[in-house]
Amino acid sequence: MDSPWDEEVSNESYNRESQWQKIASDFTNAGYRDGITAGKEGVLQEGFDSGFANTGAPLGREIGRIRGIASALLALLSKGSSIPHSPSTTNELRDISFKLSEIRFSDICPPDLEAEAHAREHMQAEGEELVMDSEELEDRKQVESLEDMLAGMSASGAGRGKPQRPSMDDFNVLKSRLEVVIGQMGLQIHLS
Amino acid sequence: MDEFDSLVNLEQTFFDAGYKDGHAHGRIHGLIEGRALGREKGYEMWEELGYYEGFASTWKAHLVFQGTEDGRITHHLNGLLELISQFPQVNPSVAQAEAGSEVDILKLLRNIRSKYKLLCASLGIRPRLHAADGSEAAQEPVDGAQVKSKKKKSIWEVNDGEGEDEEQSDRKQGQPQTLSF
């Protein structure tokens with residue numbers, strides 16, 4: 001049988017228990033926050049350097065080089081080079097050049113598998129999507145989506161949804177097309 | 001007194017346990033975020049340099065093809081290619097630290113840009129738009145450096161600049177905005 005006395009005991013012990021838990025979680029959380037900041041700051045530079053050297057720089061160099069070659073060839077032809085070429089060569093180069101210029105880093109950047117895996121962990125733990133980009137990268141994404149929107153508006157075709165972004169495969173196709181042109185011209189240029 | 005001590009110790013124990021977990025989690029986020037920024041900067045920087053490199057190599061190949069490779073233009077081309085080959089493909093601030101202060105990366109970059117423009121001028125070609133447009137060229141790859149130069153730090157140290165202000169305010173609020181947990 002329940003008596004008021006019993007109830008009081010259980011209430012009191014419940015209060016003590018919850019107070020105890022509150023102290024535990026307050027201090028654990030405070031430690032967690034300090035820890036996450038310190039842990040993050042300690043490795044930002046390390047992450048930056050590895051992203052720069054392992055992904056950004058080599059990829060940028062590859063794309064830049066191809067773009068530079070295409071535009072130099074166009075310039076050569078427009079200056080009336082003695083290289084044998086047909087009018088279609090110029091058109092082909094223009095097309096390659098234009099398509100190259102449309103490629104963005106975000107189109108060809110390989111996925112950061114670790115980041116994706118971690119985002120999934122957050123998703124599972126909290127059921128919400130994780131925003132991991134810094135403000136700067138966030139800004140750029142917004143600019144790019146605005147560009148996409150404008151491109152979609154100016155495109156006359158009605159009902160065109162999200163514009164199709166080029167991929168690394170598309171880049172490689174452009175690269176081999178350029179290689180063909182260089183071969184036709186008889187020049188010795190290394191594409192990479 | 002003893003009880004008080006043990007309570008303080010207990011609080012510290014909770015704090016430390018939280019700190020340890022947070023630190024491990026923060027490392028993951030720091031590496032991911034740093035990597036994303038570094039990729040972007042490395043790409044910008046080397047896309048520009050790669051462009052000059054491809055451009056100059058092509059022009060050189062053409063001169064070879066024509067058999068007119070000794071001259072002022074060849075001299076310009078070789079100079080430009082030589083400078084680009086000196087440019088580090090790792091984060092310039094790291095390369096700079098390793099090579100000692102003798103290598104001035106920003107100076108090298110300015111040098112490369114002006115050599116490229118000089119080359120274009122002597123070829124009678126309009127230089128690439130984003131390199132010709134000083135504002136964008138200066139802003140794009142170097143903007144990291146500009147933020148930092150106020151603090152007299154070398155290039156691309158992610159620990160200062162924008163990130164720091166953000167993180168300091170985070171610390172004050174005790175709630176990092178860029179991290180959700």
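All chains are named by letter (A, B, ...) in the order of the sequence lines, taking the proteins before the strands, and each is independently numbered beginning at 1.
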Report yes if the side chains of His23(B) and Ile36(A) come closer than 4.5 Å at any heavy-atom pair, otherwise no. no

Are [Y] and [X] connected into the same hydrophobic cluster when the rule is that any two of I, L, V, M, F, W, Y join if their side-chain heavy atoms are below 4.5 Å apart?
X	Y	result
Ile103(A)	Met168(A)	yes
Leu81(B)	Phe87(B)	no
Leu191(A)	Leu73(A)	yes
Leu119(B)	Leu63(B)	yes
Leu74(A)	Ile125(B)	yes

Ignoring hydrogens, what is the shortest heavy-atom contact between [X] and [Y]? Give both atom names and the distance.
X	Y	result
Ala72(A)	Trp59(B)	O-CZ3, 3.8 Å
His29(B)	Lys40(A)	C-CG, 4.4 Å
Arg39(B)	Cys109(A)	NH1-SG, 2.9 Å
Gly30(B)	Leu44(A)	O-CD2, 3.5 Å
Phe52(A)	Met45(B)	CZ-CG, 4.2 Å
Gly54(B)	Ile69(A)	O-CG1, 3.6 Å

Walk me through whether Tyr43(B) and Phe105(A) qualify under ring pair (Phe, Tyr, Trp, His ring centres under 6.0 Å). CA-CA 7 Å; Tyr43(B) 179 83; Phe105(A) 179 58; 4.5 Å; yes

What option among [options] has the most heavy-atom pairs under 4.5 Å with chain B?
options	value
Ile63(A), Leu59(A), Leu76(A)	Leu76(A)
Leu187(A), Asp112(A), Asn54(A)	Asp112(A)
Glu62(A), Gln188(A), Lys79(A)	Lys79(A)
Ala53(A), Ser78(A), Ala57(A)	Ala57(A)
Gly47(A), Ser25(A), Pro58(A)	Gly47(A)

Go through the atoms of Asp16(B) and report whether side chain, backbone, both or neither lie under 4.5 Å from a heavy atom of chain A. neither

Sort Gln66(B) into side chain, backbone, both or neither according to what part of it lies under 4.5 angstrom from a heavy atom of chain A. side chain

Between [X] and [Y], does at least one N-O distance fall below 4.0 Å, as a salt bridge requires?
X	Y	value
Glu46(A)	Arg35(B)	no
Arg140(A)	Glu44(B)	yes
Glu47(B)	Arg61(A)	no

CD/Glu147(A): more than 12 non-hydrogen atoms of other groups inside 6.0 Å: yes

Taking Ala17(B), Gly18(B), Gly124(B), Ser57(B) one by one, which has the highest count of heavy-atom pairs under 4.5 Å against chain A? Gly18(B)

Please rank Val64(B), Thr58(B), Asp21(B), Leu123(B) by heavy-atom pairs under 4.5 Å with chain A and give me the top one. Thr58(B)

Under 4.5 Å from a heavy atom of chain B, the part of Glu114(A) involved: both

Is it the backbone or the side chain of Ile108(A) that comes under 4.5 Å from a heavy atom of chain B, or both, or neither? side chain

Between Tyr19(B) and Thr28(A), does any side-chain donor sit less than 3.5 Å from a side-chain acceptor? no

His25(B) and Tyr32(A) side chains, donor-acceptor separation under 3.5 Å: yes

Interatomic distance, [X] atom [atom1] to [Y] atom [atom2] [nearest 0.5 angstrom]:
X	Y	atom1	atom2	answer
Ile189(A)	Phe65(B)	CD1	CZ	10.5 Å
Arg33(A)	Phe15(B)	CZ	CZ	9.5 Å
Leu137(A)	Leu37(B)	CG	CG	5.0 Å
Phe27(A)	Leu10(B)	CZ	CG	9.5 Å
Ser101(A)	Arg128(B)	OG	CZ	9.5 Å
Leu100(A)	Tyr51(B)	CG	OH	10.5 Å

